[in-house]
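Numbered from 1 within each chain, the chains take letters A, B, ... in sequence-line order.
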2 protein chains.
Amino acid sequence: MTGAPTVADAEVSRSLRAAGLRVTAPRLAIMAWLAEHPHSTADAIGVGVRERLGSVSTQAIYDVLGVCTAAGMLRRIEPAGHPARFERRVGDNHHHLVCRGCGHTDDADCAVGTRPCLTPSDHHGFAVDEAEVVFWGLCPSCLTAGEPAHRTTNHEEARQ
Amino acid sequence: MTGAPTVADAEVSRSLRAAGLRVTAPRLAIMAWLAEHPHSTADAIGVGVRERLGSVSTQAIYDVLGVCTAAGMLRRIEPAGHPARFERRVGDNHHHLVCRGCGHTDDADCAVGTRPCLTPSDHHGFAVDEAEVVFWGLCPSCLTAGEPAHRTTNHEEARQ
DNA sequence: CTGCTTGACTTGACTCATTCCAGATAGTGC
DNA sequence: GCACTATCTGGAATGAGTCAAGTCAAGCAG
(Lines give C-alpha, C1' and ligand atoms only; values in the text may rest on other atoms or scores of the structure.)
Protein backbone atom coordinates (compact mmCIF):
# COMPACT_ATOMS: atom_id res chain seq x y z
CA MET A 1 0.00 0.00 0.00
CA THR A 2 2.85 2.38 0.74
CA GLY A 3 5.48 3.12 -1.84
CA ALA A 4 8.01 0.86 -0.11
CA PRO A 5 9.38 -2.09 -2.09
CA THR A 6 7.90 -5.43 -1.11
CA VAL A 7 8.61 -9.08 -1.66
CA ALA A 8 5.92 -9.08 -4.33
CA ASP A 9 7.75 -6.26 -6.12
CA ALA A 10 10.89 -8.36 -6.26
CA GLU A 11 8.91 -11.15 -7.85
CA VAL A 12 7.46 -8.82 -10.45
CA SER A 13 10.93 -7.43 -11.18
CA ARG A 14 12.14 -10.92 -11.87
CA SER A 15 9.27 -11.63 -14.27
CA LEU A 16 9.83 -8.34 -16.05
CA ARG A 17 13.55 -8.98 -16.49
CA ALA A 18 12.85 -12.53 -17.60
CA ALA A 19 10.65 -11.06 -20.32
CA GLY A 20 13.44 -8.68 -21.31
CA LEU A 21 11.58 -5.66 -19.94
CA ARG A 22 12.87 -2.88 -17.76
CA VAL A 23 11.78 -2.55 -14.18
CA THR A 24 10.10 0.80 -13.65
CA ALA A 25 7.97 2.38 -10.95
CA PRO A 26 4.77 2.46 -13.05
CA ARG A 27 5.14 -1.22 -13.89
CA LEU A 28 5.67 -2.29 -10.30
CA ALA A 29 2.80 -0.11 -9.13
CA ILE A 30 0.41 -1.44 -11.77
CA MET A 31 1.26 -5.05 -11.04
CA ALA A 32 0.96 -4.43 -7.30
CA TRP A 33 -2.40 -2.77 -7.78
CA LEU A 34 -3.65 -5.65 -9.89
CA ALA A 35 -2.53 -8.15 -7.27
CA GLU A 36 -4.88 -6.44 -4.84
CA HIS A 37 -7.59 -5.47 -7.30
CA PRO A 38 -8.00 -8.06 -10.00
CA HIS A 39 -10.36 -7.29 -12.90
CA SER A 40 -9.67 -3.56 -12.74
CA THR A 41 -10.27 -1.31 -15.75
CA ALA A 42 -7.41 0.71 -17.22
CA ASP A 43 -9.10 3.76 -15.78
CA ALA A 44 -9.35 2.33 -12.27
CA ILE A 45 -5.75 1.20 -12.46
CA GLY A 46 -4.74 4.73 -13.44
CA VAL A 47 -6.50 6.17 -10.40
CA GLY A 48 -4.98 3.59 -8.07
CA VAL A 49 -1.47 3.95 -9.42
CA ARG A 50 -1.55 7.73 -9.28
CA GLU A 51 -2.46 7.47 -5.62
CA ARG A 52 0.85 5.75 -5.04
CA LEU A 53 3.17 7.41 -7.50
CA GLY A 54 1.77 10.91 -7.78
CA SER A 55 1.37 11.18 -11.53
CA VAL A 56 1.40 8.64 -14.33
CA SER A 57 0.14 9.34 -17.83
CA THR A 58 -2.81 7.43 -19.20
CA GLN A 59 -0.60 6.43 -22.07
CA ALA A 60 1.89 4.81 -19.71
CA ILE A 61 -0.92 2.78 -18.16
CA TYR A 62 -2.04 1.49 -21.54
CA ASP A 63 1.53 0.86 -22.58
CA VAL A 64 2.38 -1.15 -19.46
CA LEU A 65 -0.84 -3.11 -19.70
CA GLY A 66 -0.23 -3.83 -23.37
CA VAL A 67 3.37 -4.87 -22.88
CA CYS A 68 2.65 -7.07 -19.87
CA THR A 69 -0.29 -8.69 -21.64
CA ALA A 70 1.95 -9.42 -24.63
CA ALA A 71 4.57 -10.87 -22.25
CA GLY A 72 1.97 -13.17 -20.75
CA MET A 73 2.13 -11.56 -17.32
CA LEU A 74 -1.41 -10.21 -17.58
CA ARG A 75 -4.64 -11.32 -19.09
CA ARG A 76 -7.02 -8.91 -20.75
CA ILE A 77 -10.77 -9.41 -20.49
CA GLU A 78 -13.14 -7.37 -22.64
CA PRO A 79 -16.77 -7.91 -21.72
CA ALA A 80 -19.09 -6.62 -24.43
CA GLY A 81 -20.24 -3.10 -23.67
CA HIS A 82 -17.75 -2.57 -20.87
CA PRO A 83 -14.18 -1.26 -20.91
CA ALA A 84 -11.39 -3.85 -20.82
CA ARG A 85 -10.33 -5.34 -17.51
CA PHE A 86 -7.01 -6.89 -16.51
CA GLU A 87 -5.95 -9.64 -14.15
CA ARG A 88 -2.73 -11.36 -13.14
CA ARG A 89 -4.17 -14.85 -13.08
CA VAL A 90 -2.84 -16.30 -16.30
CA GLY A 91 -1.91 -19.73 -17.54
CA ASP A 92 -5.02 -21.58 -16.50
CA ASN A 93 -8.01 -21.07 -18.72
CA HIS A 94 -10.54 -20.04 -16.13
CA HIS A 95 -13.59 -18.06 -17.14
CA HIS A 96 -15.51 -15.03 -15.90
CA LEU A 97 -18.76 -13.90 -14.37
CA VAL A 98 -19.73 -10.42 -15.56
CA CYS A 99 -22.49 -8.27 -14.09
CA ARG A 100 -24.84 -6.73 -16.66
CA GLY A 101 -25.50 -3.88 -14.25
CA CYS A 102 -22.19 -2.55 -12.99
CA GLY A 103 -19.74 -4.57 -15.03
CA HIS A 104 -18.23 -6.14 -11.92
CA THR A 105 -16.20 -9.20 -12.88
CA ASP A 106 -15.30 -12.33 -10.95
CA ASP A 107 -13.47 -15.54 -11.69
CA ALA A 108 -15.29 -18.75 -12.47
CA ASP A 109 -13.55 -22.05 -12.84
CA CYS A 110 -15.10 -24.01 -15.63
CA ALA A 111 -17.92 -26.27 -14.63
CA VAL A 112 -17.37 -29.22 -16.86
CA GLY A 113 -13.93 -30.55 -16.01
CA THR A 114 -11.15 -29.16 -18.17
CA ARG A 115 -11.85 -26.97 -21.19
CA PRO A 116 -15.21 -28.50 -22.00
CA CYS A 117 -16.02 -26.23 -24.87
CA LEU A 118 -12.66 -26.02 -26.55
CA THR A 119 -13.89 -28.19 -29.40
CA PRO A 120 -16.82 -26.76 -31.34
CA SER A 121 -18.67 -29.43 -33.29
CA ASP A 122 -18.28 -27.52 -36.54
CA HIS A 123 -15.24 -25.28 -36.80
CA HIS A 124 -15.87 -24.01 -40.36
CA GLY A 125 -12.17 -24.33 -41.18
CA PHE A 126 -11.12 -22.03 -38.34
CA ALA A 127 -7.91 -22.82 -36.47
CA VAL A 128 -9.29 -22.38 -32.96
CA ASP A 129 -6.73 -21.59 -30.28
CA GLU A 130 -8.87 -20.41 -27.39
CA ALA A 131 -12.36 -20.83 -26.04
CA GLU A 132 -13.57 -17.87 -24.03
CA VAL A 133 -16.54 -18.29 -21.75
CA VAL A 134 -18.41 -15.40 -20.15
CA PHE A 135 -21.25 -15.94 -17.71
CA TRP A 136 -23.61 -12.97 -17.83
CA GLY A 137 -25.87 -12.09 -14.94
CA LEU A 138 -26.27 -9.76 -12.00
CA CYS A 139 -23.79 -9.45 -9.16
CA PRO A 140 -25.00 -9.70 -5.55
CA SER A 141 -25.09 -5.92 -5.02
CA CYS A 142 -27.01 -5.24 -8.23
CA LEU A 143 -29.37 -8.04 -7.28
CA THR A 144 -30.19 -6.57 -3.88
CA ALA A 145 -30.30 -3.06 -5.31
CA GLY A 146 -33.02 -4.30 -7.66
CA GLU A 147 -31.92 -1.67 -10.12
CA PRO A 148 -28.30 -1.35 -11.13
CA ALA A 149 -27.96 1.68 -8.90
CA HIS A 150 -24.20 2.18 -8.91
CA ARG A 151 -23.61 2.59 -12.58
CA THR A 152 -20.68 4.89 -11.88
CA THR A 153 -17.71 3.76 -13.87
CA ASN A 154 -15.76 1.96 -11.21
CA HIS A 155 -15.97 3.46 -7.80
CA GLU A 156 -16.64 0.18 -6.18
CA GLU A 157 -13.94 -1.41 -8.26
CA ALA A 158 -11.40 0.98 -6.82
CA ARG A 159 -12.17 -0.15 -3.33
CA GLN A 160 -13.28 -3.69 -3.90
CA MET B 1 -31.95 -7.84 -53.81
CA THR B 2 -34.25 -5.42 -55.58
CA GLY B 3 -36.45 -3.08 -53.61
CA ALA B 4 -39.53 -5.21 -54.30
CA PRO B 5 -41.41 -6.63 -51.31
CA THR B 6 -40.83 -10.33 -50.74
CA VAL B 7 -42.35 -13.13 -48.72
CA ALA B 8 -39.55 -12.66 -46.19
CA ASP B 9 -40.54 -9.01 -45.85
CA ALA B 10 -44.07 -10.03 -44.96
CA GLU B 11 -42.71 -12.28 -42.27
CA VAL B 12 -40.57 -9.50 -40.83
CA SER B 13 -43.55 -7.14 -40.91
CA ARG B 14 -45.51 -9.62 -38.84
CA SER B 15 -42.74 -9.92 -36.26
CA LEU B 16 -42.40 -6.15 -36.06
CA ARG B 17 -46.13 -5.64 -35.54
CA ALA B 18 -46.19 -8.44 -33.01
CA ALA B 19 -43.55 -6.54 -31.08
CA GLY B 20 -45.61 -3.35 -31.31
CA LEU B 21 -43.16 -1.76 -33.74
CA ARG B 22 -43.89 0.12 -36.94
CA VAL B 23 -43.02 -1.36 -40.29
CA THR B 24 -40.61 0.94 -42.11
CA ALA B 25 -38.38 0.64 -45.14
CA PRO B 26 -35.11 0.82 -43.16
CA ARG B 27 -36.30 -1.95 -40.86
CA LEU B 28 -37.29 -4.28 -43.66
CA ALA B 29 -34.08 -3.56 -45.54
CA ILE B 30 -31.90 -4.18 -42.49
CA MET B 31 -33.63 -7.46 -41.66
CA ALA B 32 -33.43 -8.55 -45.30
CA TRP B 33 -29.73 -7.71 -45.42
CA LEU B 34 -29.08 -9.64 -42.23
CA ALA B 35 -30.92 -12.66 -43.60
CA GLU B 36 -28.40 -12.77 -46.44
CA HIS B 37 -25.38 -11.53 -44.51
CA PRO B 38 -25.43 -12.74 -40.94
CA HIS B 39 -22.77 -11.43 -38.53
CA SER B 40 -22.56 -8.06 -40.28
CA THR B 41 -21.29 -4.97 -38.47
CA ALA B 42 -23.48 -1.88 -38.13
CA ASP B 43 -21.22 -0.23 -40.66
CA ALA B 44 -21.51 -3.04 -43.22
CA ILE B 45 -25.27 -3.08 -42.72
CA GLY B 46 -25.34 0.65 -43.38
CA VAL B 47 -23.49 0.20 -46.66
CA GLY B 48 -25.72 -2.66 -47.73
CA VAL B 49 -28.94 -0.94 -46.81
CA ARG B 50 -27.98 2.29 -48.55
CA GLU B 51 -27.40 0.31 -51.73
CA ARG B 52 -31.07 -0.63 -51.65
CA LEU B 53 -32.76 2.41 -50.25
CA GLY B 54 -30.55 5.23 -51.43
CA SER B 55 -29.86 6.95 -48.16
CA VAL B 56 -30.34 5.92 -44.56
CA SER B 57 -28.79 7.73 -41.63
CA THR B 58 -26.30 5.97 -39.40
CA GLN B 59 -28.56 6.82 -36.55
CA ALA B 60 -31.44 4.92 -38.09
CA ILE B 61 -29.23 1.86 -38.48
CA TYR B 62 -28.26 1.89 -34.81
CA ASP B 63 -31.80 2.62 -33.76
CA VAL B 64 -33.27 -0.25 -35.76
CA LEU B 65 -30.59 -2.63 -34.56
CA GLY B 66 -31.13 -1.55 -30.97
CA VAL B 67 -34.89 -1.82 -31.12
CA CYS B 68 -34.90 -5.18 -32.88
CA THR B 69 -32.33 -6.56 -30.47
CA ALA B 70 -34.49 -5.41 -27.56
CA ALA B 71 -37.51 -7.05 -29.20
CA GLY B 72 -35.63 -10.33 -29.47
CA MET B 73 -35.62 -10.31 -33.27
CA LEU B 74 -31.87 -9.87 -33.47
CA ARG B 75 -28.91 -10.99 -31.48
CA ARG B 76 -25.94 -8.77 -30.88
CA ILE B 77 -22.44 -10.21 -30.74
CA GLU B 78 -19.55 -8.09 -29.52
CA PRO B 79 -16.21 -9.80 -29.94
CA ALA B 80 -13.49 -8.08 -27.91
CA GLY B 81 -11.59 -5.58 -30.00
CA HIS B 82 -14.04 -5.70 -32.90
CA PRO B 83 -17.19 -3.70 -33.62
CA ALA B 84 -20.50 -5.34 -32.75
CA ARG B 85 -22.08 -7.78 -35.17
CA PHE B 86 -25.71 -8.76 -35.59
CA GLU B 87 -27.54 -11.90 -36.61
CA ARG B 88 -31.13 -13.07 -36.94
CA ARG B 89 -30.56 -16.49 -35.49
CA VAL B 90 -31.99 -16.09 -32.00
CA GLY B 91 -33.64 -18.36 -29.51
CA ASP B 92 -31.13 -21.16 -29.52
CA ASN B 93 -27.97 -20.51 -27.62
CA HIS B 94 -25.42 -21.29 -30.25
CA HIS B 95 -21.95 -19.85 -30.01
CA HIS B 96 -19.42 -18.18 -32.30
CA LEU B 97 -16.10 -18.59 -34.01
CA VAL B 98 -14.26 -15.27 -34.32
CA CYS B 99 -11.15 -14.66 -36.41
CA ARG B 100 -8.38 -12.78 -34.61
CA GLY B 101 -7.21 -11.44 -37.94
CA CYS B 102 -10.15 -10.02 -39.81
CA GLY B 103 -12.91 -10.37 -37.24
CA HIS B 104 -14.92 -12.69 -39.48
CA THR B 105 -17.56 -14.49 -37.43
CA ASP B 106 -19.27 -17.83 -37.93
CA ASP B 107 -21.76 -19.90 -36.00
CA ALA B 108 -20.69 -22.83 -33.88
CA ASP B 109 -23.12 -25.15 -32.23
CA CYS B 110 -21.88 -26.12 -28.85
CA ALA B 111 -19.98 -29.37 -28.69
CA VAL B 112 -21.34 -30.73 -25.46
CA GLY B 113 -25.05 -31.16 -26.07
CA THR B 114 -27.21 -28.34 -24.75
CA ARG B 115 -25.84 -25.43 -22.76
CA PRO B 116 -22.91 -27.27 -21.28
CA CYS B 117 -21.36 -24.29 -19.61
CA LEU B 118 -24.39 -22.62 -18.16
CA THR B 119 -23.47 -23.69 -14.65
CA PRO B 120 -20.17 -22.35 -13.36
CA SER B 121 -18.87 -24.31 -10.39
CA ASP B 122 -18.63 -21.20 -8.25
CA HIS B 123 -21.04 -18.40 -9.10
CA HIS B 124 -19.93 -15.95 -6.36
CA GLY B 125 -23.54 -15.00 -5.67
CA PHE B 126 -24.17 -13.94 -9.26
CA ALA B 127 -27.57 -14.65 -10.81
CA VAL B 128 -26.30 -16.06 -14.09
CA ASP B 129 -28.74 -15.88 -17.00
CA GLU B 130 -26.53 -16.55 -19.99
CA ALA B 131 -23.31 -18.30 -20.88
CA GLU B 132 -21.55 -16.82 -23.85
CA VAL B 133 -18.88 -18.85 -25.59
CA VAL B 134 -16.48 -17.42 -28.15
CA PHE B 135 -13.97 -19.57 -30.00
CA TRP B 136 -10.97 -17.47 -31.00
CA GLY B 137 -8.74 -18.45 -33.87
CA LEU B 138 -7.94 -17.73 -37.50
CA CYS B 139 -10.43 -18.06 -40.33
CA PRO B 140 -9.50 -20.05 -43.44
CA SER B 141 -8.57 -16.99 -45.50
CA CYS B 142 -6.37 -15.50 -42.76
CA LEU B 143 -4.78 -18.91 -42.34
CA THR B 144 -3.82 -19.23 -45.99
CA ALA B 145 -2.82 -15.57 -46.13
CA GLY B 146 -0.32 -16.31 -43.36
CA GLU B 147 -0.63 -12.75 -42.24
CA PRO B 148 -4.02 -11.17 -41.65
CA ALA B 149 -3.70 -9.30 -44.92
CA HIS B 150 -7.22 -7.94 -45.32
CA ARG B 151 -7.51 -5.92 -42.16
CA THR B 152 -9.83 -3.46 -43.88
CA THR B 153 -12.84 -2.90 -41.72
CA ASN B 154 -15.35 -5.05 -43.49
CA HIS B 155 -14.98 -5.15 -47.20
CA GLU B 156 -15.16 -8.87 -47.36
CA GLU B 157 -18.03 -8.86 -44.91
CA ALA B 158 -20.06 -6.77 -47.32
CA ARG B 159 -19.67 -9.39 -49.99
CA GLN B 160 -19.33 -12.48 -47.88
C1' DC C 1 31.22 6.10 -10.72
C1' DT C 2 30.10 8.19 -15.34
C1' DG C 3 28.33 8.41 -19.75
C1' DC C 4 25.74 6.19 -23.41
C1' DT C 5 22.06 3.62 -25.61
C1' DT C 6 17.64 2.47 -26.11
C1' DG C 7 13.44 1.22 -23.99
C1' DA C 8 9.87 3.69 -21.29
C1' DC C 9 7.16 7.72 -20.20
C1' DT C 10 4.75 12.42 -21.32
C1' DT C 11 1.89 15.28 -23.94
C1' DG C 12 -1.49 16.10 -27.09
C1' DA C 13 -3.92 15.20 -31.14
C1' DC C 14 -6.66 11.71 -33.29
C1' DT C 15 -9.65 7.51 -34.66
C1' DC C 16 -13.55 4.66 -34.30
C1' DA C 17 -17.86 2.85 -32.70
C1' DT C 18 -21.61 4.39 -30.66
C1' DT C 19 -24.94 7.62 -28.47
C1' DC C 20 -27.44 12.01 -27.59
C1' DC C 21 -30.24 15.85 -29.18
C1' DA C 22 -33.69 18.65 -31.72
C1' DG C 23 -36.44 18.92 -35.35
C1' DA C 24 -38.61 16.88 -39.68
C1' DT C 25 -41.12 12.88 -41.62
C1' DA C 26 -44.16 9.20 -42.24
C1' DG C 27 -46.70 4.74 -40.30
C1' DT C 28 -51.19 3.59 -38.01
C1' DG C 29 -55.54 3.82 -35.75
C1' DC C 30 -59.61 6.30 -36.06
C1' DG D 1 -58.11 11.71 -44.96
C1' DC D 2 -56.33 13.32 -40.28
C1' DA D 3 -53.98 13.47 -36.16
C1' DC D 4 -50.74 11.41 -33.14
C1' DT D 5 -46.42 10.03 -32.15
C1' DA D 6 -42.92 6.58 -33.23
C1' DT D 7 -39.26 6.80 -36.27
C1' DC D 8 -35.81 8.98 -39.19
C1' DT D 9 -32.37 12.87 -40.37
C1' DG D 10 -28.28 15.56 -39.51
C1' DG D 11 -24.98 17.11 -36.66
C1' DA D 12 -22.48 17.23 -32.55
C1' DA D 13 -20.59 14.72 -28.61
C1' DT D 14 -18.73 10.91 -25.74
C1' DG D 15 -15.64 7.31 -24.15
C1' DA D 16 -12.19 3.94 -24.85
C1' DG D 17 -8.25 3.38 -26.87
C1' DT D 18 -4.25 4.46 -30.34
C1' DC D 19 -0.59 7.12 -32.78
C1' DA D 20 3.41 10.12 -33.10
C1' DA D 21 7.18 12.96 -31.60
C1' DG D 22 9.93 14.26 -28.14
C1' DT D 23 11.98 13.79 -23.30
C1' DC D 24 13.62 10.96 -19.60
C1' DA D 25 15.90 7.32 -17.10
C1' DA D 26 17.13 1.95 -16.45
C1' DG D 27 20.86 -0.67 -16.98
C1' DC D 28 25.13 -1.82 -19.20
C1' DA D 29 30.10 -0.83 -20.84
C1' DG D 30 34.09 1.23 -19.63
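- For the OP1/OP2 pair of C/dT18 and a distance below 4.0 Å, the side-chain nitrogens and oxygens of B/Tyr62 include at least one atom meeting the criterion.
- Atom CG of B/Asp63 is separated from atom P of D/dG10 by 15 Å (rounded to the nearest Å).
- A/Glu130 is not listed as a side-chain neighbour of B/Phe135, based on a closest heavy-atom distance of 4.5 Å or more.
- Counting non-hydrogen atoms under 4.0 angstrom, B/Val56 reaches the backbone sugars and phosphates but no base.
- The six-membered or imidazole ring of A/His104 lies away from that of A/His39, with a centre-to-centre distance of 6.0 Å or more.
- Listed for the A/Thr105 side chain is a donor-acceptor partner under 3.5 Å among the backbone atoms of A/Gly103.
- In terms of modelled atom types and a separation under 3.5 Å, the side chain of B/Arg50 and the main chain of B/Val56 share a donor-acceptor contact.
- Ion pair B/Glu78/B/Arg76 flagged as a salt bridge, since at least one NZ, NE, NH1 or NH2 atom sits closer than 4.0 Å to an Asp/Glu carboxylate oxygen.
- The CG-C1' distance, from A/Leu21 to D/dA25, rounds to 16 Å in whole Å.
- Between the A/His124 side chain and the B/Asp107 main chain, a donor and an acceptor come within less than 3.5 Å of each other.
- The stretch residues 22-31 of chain B comes close to DNA chain D through B/Arg22, B/Thr24, B/Pro26, B/Arg27, each having a heavy atom under 4.0 Å from the strand.
- Within the 4.0 angstrom heavy-atom criterion, no nucleotide atom of any strand lies near A/Thr58.
- Rounded to an integer number of Å, the gap from CZ of A/Arg50 to C1' of C/dC9 is 13 Å.
- A/Arg88 contributes a side-chain N or O that, together with a main-chain N or O of A/Met31, makes up a donor-acceptor pair within less than 3.5 Å.
- Going from atom CD of A/Gln59 over to atom P of C/dG7 covers 17 Å, rounded to whole Å.
- For the pair B/Arg85 CZ and C/dT18 P, the computed distance is 10 Å after rounding to whole Å.
- Applying the 4.0 Å criterion to OP1 and OP2 of C/dT18, one finds that B/Arg76 has a side-chain N or O inside that range.
- One interatomic measurement links the two molecules: CD1 of B/Ile45 to P of C/dA17, which rounds to 13 Å at whole-angstrom precision.
- When the P atom of D/dT14 is taken as reference, atom CG of A/Asp43 falls 16 Å away, rounded to whole Å.
- Following rounding to the nearest Å, A/His82 (NE2) and C/dT18 (P) show an atom-to-atom distance of 15 Å.
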